[in-house]
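Below is one structure, written out as structure tokens; comments come after it.
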Number of protein chains: 2
Amino acid sequence: MDRRIKRTKAAIYAAFEELLSEKKYEHITVQEIIDRADIGRSTFYAHFETRDDLLKAVCSELFSHVFSDHSKAEASHDFSSEDDTLKNALTHILYHLKDDRKRYSRIFSCESSEIFWSYFRKQLSELISGYNYGYETGKTDIPEDFRLDFLGGAFIEAVKWWFRTDLKTSPEKLVSYFAALTGQDQL
Amino acid sequence: MDRRIKRTKAAIYAAFEELLSEKKYEHITVQEIIDRADIGRSTFYAHFETRDDLLKAVCSELFSHVFSDHSKAEASHDFSSEDDTLKNALTHILYHLKDDRKRYSRIFSCESSEIFWSYFRKQLSELISGYNYGYETGKTDIPEDFRLDFLGGAFIEAVKWWFRTDLKTSPEKLVSYFAALTGQDQL
DNA sequence: AAGAAATCGAACAAAATGTACGAAAACGGA
DNA sequence: TCCGTTTTCGTACATTTTGTTCGATTTCTT
């Protein structure tokens with residue numbers, strides 16, 4: 001690959017990720033990116049059609065690291081590669097995220113429709129905590145705030161799936177799926 | 001409340017939600033909203049400071065319906081109000097969403113950082129499905145696609161929580177929480 | 001009917017967008 | 001090192017959006 005391209009892309013990526021740590025993705029302009037990267041306007045558009053294009057490219061690049069070469073991750077965190085379970089696979093992913101936490105934090109803090117979901121999630125977590133009398137705290141070592149955030153977020157995921165599949169499942173069934181998969185049957 | 005204000009806000013809301021069903025939130029401009037609502041530019045800014053402000057207002061209005069008056073929801077869907085469990089509460093919420101599915105669909109389809117999460121989720125679901133040999137299909141009536149989407153999304157929620165709390169939990173512990181709350185211990 | 005409040009619309013500066021083009025620079029293969 | 005190719009630069013440009021201002025006008029409330 002042409003060195004100039006590599007240099008230009010690197011400059012754009014760096015500027016973009018830097019900006020991402022300062023402000024929301026939605027408020028970052030192409031102008032700011034090229035100013036920060038110190039490249040010509042036309043140069044940017046020679047590589048990316050839109051700002052979304054750039055984000056996609058960055059995501060793609062990031063994830064190529066996350067999901068490739070589990071073995072490497074294992075090697076660097078001393079897991080026996082024979083124990084190839086989902087749990088370990090997920091653990092390896094988490095280690096990778098942790099190793100590059102700065103980059104991922106920037107991306108993870110993007111938001112937009114999140115305004116909506118965060119409303120929903122907050123309300124749900126409160127709602128769930130209100131029904132907690134049947135739940136024995138202390139029996140497990142799962143932090144209460146994790147449990148509430150997680151269940152709220154997981155329920156949102158169920159709702160998202162529900163809408164993706166055109167609400168063809170009845171609410172009762174959906175809730176039963178949710179309850180079954182989260183072991184919240186008792187509530 | 002002044003009728004003019006009510007009319008103006010209604011016009012803005014209608015135009016906004018209409019646009020929301022045609023394009024992504026991020027690409028909707030104030031210009032389009034006031035054109036569609038047929039109101040003066042200054043009038044819009046008299047009610048909302050920014051486009052995000054408007055979205056927040058719409059969300060707030062929408063959720064005030066979702067989380068208020070469970071009793072009403074119960075009445076209209078014949079639940080015995082004595083059975084006040086979390087499951088029923090969630091079911092009622094789902095019914096409400098279903099009743100107003102058109103409005104909610106519009107909001108739900110917003111995206112932005114979703115570009116990132118959807119990448120992640122897709123990969124995760126694939127990963128999980130690869131470890132499914134231990135899972136007995138057919139034993140439950142939970143659809144396979146729901147299970148995969150859900151577990152992927154739920155794991156993302158765990159990761160989000162992880163980052164919100166500054167990665168202070170070890171990857172192993174986080175995965176064990178996830179496994180415990182989703183009954184995926186066996187994998 | 002009268003005073004208050006909201007809307008209109010036109011105008012404005014500032015900024016961003018996406019595109020175009022020729023000149024200059026950097027590249028890679030021979 | 002040379003030469004054709006590719007990339008970058010810089011500038012320019014038309015268009016669009018943004019957020020604000022202000023007086024005139026309309027609509028509301030009482």
Side-chain angles (χ1 to χ4, degrees), chain A residues 1-61 106-107 109-116, chain B residues 1-61 106 109-115:
Chain A
M1 187 193 257
D2 199 310
R3 282 182 228 148
R4 292 169 293 181
I5 296 181
K6 223 189 288 184
R7 241 188 296 125
T8 299
K9 287 209 169 182
I12 292 178
Y13 278 37
F16 178 58
E17 295 198 26
E18 207 179 292
L19 283 165
L20 221 38
S21 67
E22 295 170 16
K23 49 166 70 182
K24 293 200 275 183
Y25 166 70
E26 291 74 30
H27 297 144
I28 296 174
T29 65
V30 175
Q31 193 62 48
E32 289 174 308
I33 297 170
I34 62 179
D35 283 349
R36 181 89 53 129
D38 196 33
I39 58 162
R41 168 167 220 71
S42 40
T43 305
F44 177 88
Y45 284 107
H47 293 285
F48 304 99
E49 289 193 356
T50 64
R51 197 189 42 162
D52 276 18
D53 235 39
L54 173 57
L55 179 57
K56 279 180 190 165
V58 170
C59 290
S60 182
E61 194 257 345
R106 282 185 214 115
I107 300 275
S109 64
C110 291
E111 63 161 305
S112 88
S113 78
E114 293 307 309
I115 294 174
F116 180 83
Chain B
M1 188 193 254
D2 199 310
R3 280 182 228 150
R4 290 169 294 183
I5 297 181
K6 224 189 286 181
R7 240 189 297 125
T8 299
K9 286 208 168 178
I12 292 178
Y13 277 37
F16 178 58
E17 294 198 28
E18 208 179 292
L19 284 164
L20 222 36
S21 66
E22 295 169 16
K23 51 166 70 178
K24 292 200 276 185
Y25 166 71
E26 291 74 32
H27 296 144
I28 296 175
T29 65
V30 174
Q31 193 63 48
E32 288 173 306
I33 297 171
I34 64 180
D35 283 347
R36 181 89 54 128
D38 195 33
I39 58 162
R41 170 167 218 70
S42 42
T43 304
F44 177 90
Y45 284 107
H47 292 286
F48 304 98
E49 288 194 356
T50 65
R51 197 188 44 160
D52 277 17
D53 234 40
L54 173 57
L55 178 58
K56 279 180 190 166
V58 171
C59 290
S60 182
E61 194 257 343
R106 282 185 215 115
S109 62
C110 290
E111 63 161 306
S112 86
S113 78
E114 292 308 308
I115 294 174

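Values reported hereafter were calculated over all heavy atoms of this structure, with side chains retained and with hydrogens, waters and symmetry mates removed. Since this is a predicted model, take the numbers as computed values, not measurements. All chains are named by letter (A, B, ...) in the order of the sequence lines, taking the proteins before the strands, and each is independently numbered beginning at 1.
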Search all heavy atoms of A:Tyr25 against all heavy atoms of A:Arg51 and return the closest pair with its distance.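 For A:Tyr25 and A:Arg51, the tightest heavy-atom pair comes out as O-NH1, 3.1 Å.
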Heavy-atom pair with the smallest gap, counting every atom of A:Ala37 and A:Ala11: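 That would be CB-O, 3.6 Å.
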Is there side-chain contact between A:Ile33 and A:Leu54, with heavy atoms separated by less than 4.5 Å?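 They are in contact (side-chain heavy atoms under 4.5 Å apart), so the answer is yes.
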Who passes side-chain contact (heavy atoms from CB on, under 4.5 Å) against [X], sequence neighbours left out?
X       : value
B:Thr50 : B:Asp52, B:Asp53
A:Arg7  : A:Arg4
A:Gln31 : A:Thr29, A:Ile34, A:Asp35, A:Arg41
A:Thr43 : A:Thr8, A:Ile39, A:His47

Residues which pass ring-ring contact (aromatic ring centres under 6.0 Å, His included) with A:Tyr13, listed by chain and number, not counting sequence neighbours: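 By the ring-ring contact (aromatic ring centres under 6.0 Å, His included) rule, A:Tyr13 matches no residue at all.
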Five pairs at each end of the helix from C:dA1-D:dT30 to C:dA30-D:dT1: take the axis at both ends and give me the angle between them to 10°.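 Taking five pairs per end, the axes differ by 50°.
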Protein heavy-atom contacts under 4.0 Å, written 5' to 3' over nucleotides 12-17 of chain D as B (base), S (sugar-phosphate only) or - (none), form the string B----S
Reading nucleotides 24-30 of chain D from 5' to 3' and marking B where a protein heavy atom lies under 4.0 Å of the base, S where only the sugar-phosphate is that close, and - otherwise, the string is ---BSS-
For chain A and DNA chain C, what are the first and last nucleotides along the strand, 5' to 3', with at least one atom under 4.0 angstrom from a heavy atom of the protein chain?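 On DNA chain C, the outermost contacted nucleotides are C:dA16 to C:dG28.
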